[in-house]
Colleague: 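Once you've had a glance at the structure underneath, I'll fire off some questions.
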Amino acid sequence: DTGSAAATPIDPRFDIAYVTPVTIGTPPQTLQLDLDTGSSDLWVFSSHTPASQVRGQQIYSPDKSTTSKLLDGHTWSIRYGDGSGSRGNVYTDNFAIGGIMVETQAVETAEEVSSSFTTEDNIDGLVGLGFSTLNTVSPEGQLTFFDNAKPKLDAPVFTADLKYMKEGTYDFGFIDESKYTGEITYVPVDTDPGYWTFTSSGYGVGSGTFSSSPITGIADTGTSLVYLPTAIVTAYYRQVEGATNSRSYGGYVFPCNSTLPPFVFGIGEAKFTIPPSYMSYAAVTDGSPTCFGGLQSSSGIGINIWGDVALKAAFVVFNGEEPPTIGWANK
Ligand SMILES: CC(C)(C)S(=O)(=O)N[C@@H](Cc1ccccc1)C(=O)N[C@@H](Cc1c[nH]c[nH+]1)C(=O)N[C@@H](CC1CCCCC1)C(O)(O)C(F)(F)C(=O)NCCN1CCOCC1
């Protein structure tokens, strides 16, 4: 099998996250989920989510599906890097993305979600596409959609073609040559503890010299920005007029009319350029002349994260062969 599904920015003003339509159950219930390579739980707003915590999200009702089965005695609970979280019970049911159907996918139904999920009415849940070792279901961990779908895919891969303020695509089971230019550079992936962890070959600020130094981090479709070591981040913002590391805004900000250099990162011998428009993430509040940077320091996180700001500058292949690798191509 092969399949494709849209990755649509949830906000027309800036790319905070992307959602993809999925179907669950019989007859199919359609939800818009955030495909997230930084986690490995597939969870949804559901008929079990308290009404006070649901604000416009689509919900999955297992009781309305003739193919749903409660996974008795199983629960889940997850906390994300931005402090948000959710927890609940587990069903298995038919689950499809882009026409790829998994009959007994573990679908985690939310009994509770944190306030930032309630207020984000464009996200009905997440599809974790990290490695199944990160799945939080207890007492038995469950497989991700990708692990379940792999045996029926023409190739054990999925690709991300995220775009700047535009609809992109996730493809499953094939590599669409029309979506990239030149060659795909593959590098090894370390699956411990369960992220798509790889090592970049270095970075450059604008037309400055390229610094060939290894940067190990995770490819994370569920994180909006890029988080890198402080030395790299200060080297970047040193080139931005009026940039400061603002405690109140929690990161590097600068006047929105400042000229930003592009940010270059290396994958093996290949170079990828994040254009200035991606590096100016958003005004700190609507209409403010102060903008928040798309590159921030990872010192508070503990790992470097190549989030959407970097991913949308490339065509990325998540290769699930043994051993897994990750491929990057220009587009
Ligand atoms: C707006 C912003 C200031 C740029 S933001 O940072 O708030 N953007 C959020 C995403 C978002 C989208 C929509 C609405 C609101 C927020 C963002 O980038 N969050 C990251 C920030 C971060 C990461 N690390 C430190 N900080 C995050 O938590 N991303 C997780 C998925 C998010 C969660 C909130 C809802 C949208 C999806 C993530 O899964 O990508 C993760 F990798 F960062 C993460 O937390 N993975 C959980 C890993 N655990 C390990 C233990 O086993 C269980 C799984």
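Heavy-atom basis, side chains included; hydrogens, waters and symmetry copies ignored. Everything numeric here is computed off the predicted structure, so don't read it as measured data. Atoms within a ligand are numbered from 1 in the order they appear, just like the ligands themselves.
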Colleague: Tyr186 and side-chain contact (heavy atoms from CB on, under 4.5 Å): which partner among Ile326, Ile267, Thr325?
Modeller: Thr325
Colleague: Are the aromatic rings of Phe158 and Phe318 close, with centres under 6.0 Å apart?
Modeller: yes
Colleague: Taking distance alone, with no angle check, do Asp82 and ligand 1 share an N/O pair under 3.5 Å?
Modeller: yes
Colleague: Under 3.5 Å, is there a donor-acceptor pair linking the side chains of Asn135 and Ser132?
Modeller: no
Colleague: Does atom 3 (C) of ligand 1 have a protein non-hydrogen atom under 4.0 Å from it?
Modeller: no
Colleague: Do Ile175 and Leu129 belong together in a cluster built from hydrophobic side chains that touch within less than 4.5 Å?
Modeller: no
Colleague: Before signing off on this row, confirm whether Ile123 and ligand 1 have an N or O atom pair separated by under 3.5 Å.
Modeller: no
Colleague: Pairs of nitrogen or oxygen atoms closer than 3.5 Å, one from Gly222 and one from ligand 1: do any exist?
Modeller: yes
Colleague: Is the closest heavy atom of Phe292 to ligand 1 under 4.0 Å?
Modeller: no
Colleague: Below the 3.5 angstrom mark, is there an N/O of Gly81, backbone or side chain, next to an N/O of ligand 1?
Modeller: yes
Colleague: Below the 3.5 angstrom mark, is there an N/O of Asp34, backbone or side chain, next to an N/O of ligand 1?
Modeller: no
Colleague: Between Thr109 and Asn89, does any side-chain donor sit less than 3.5 Å from a side-chain acceptor?
Modeller: no
Colleague: Please indicate whether any nitrogen or oxygen in Thr223 is less than 3.5 Å from any nitrogen or oxygen in ligand 1.
Modeller: yes
Colleague: If you measure every N or O of Tyr281 against every N or O of ligand 1, does any of those distances drop under 3.5 Å?
Modeller: no
Colleague: Can you check whether Asp220 has an N/O within less than 3.5 Å of an N/O in ligand 1?
Modeller: yes
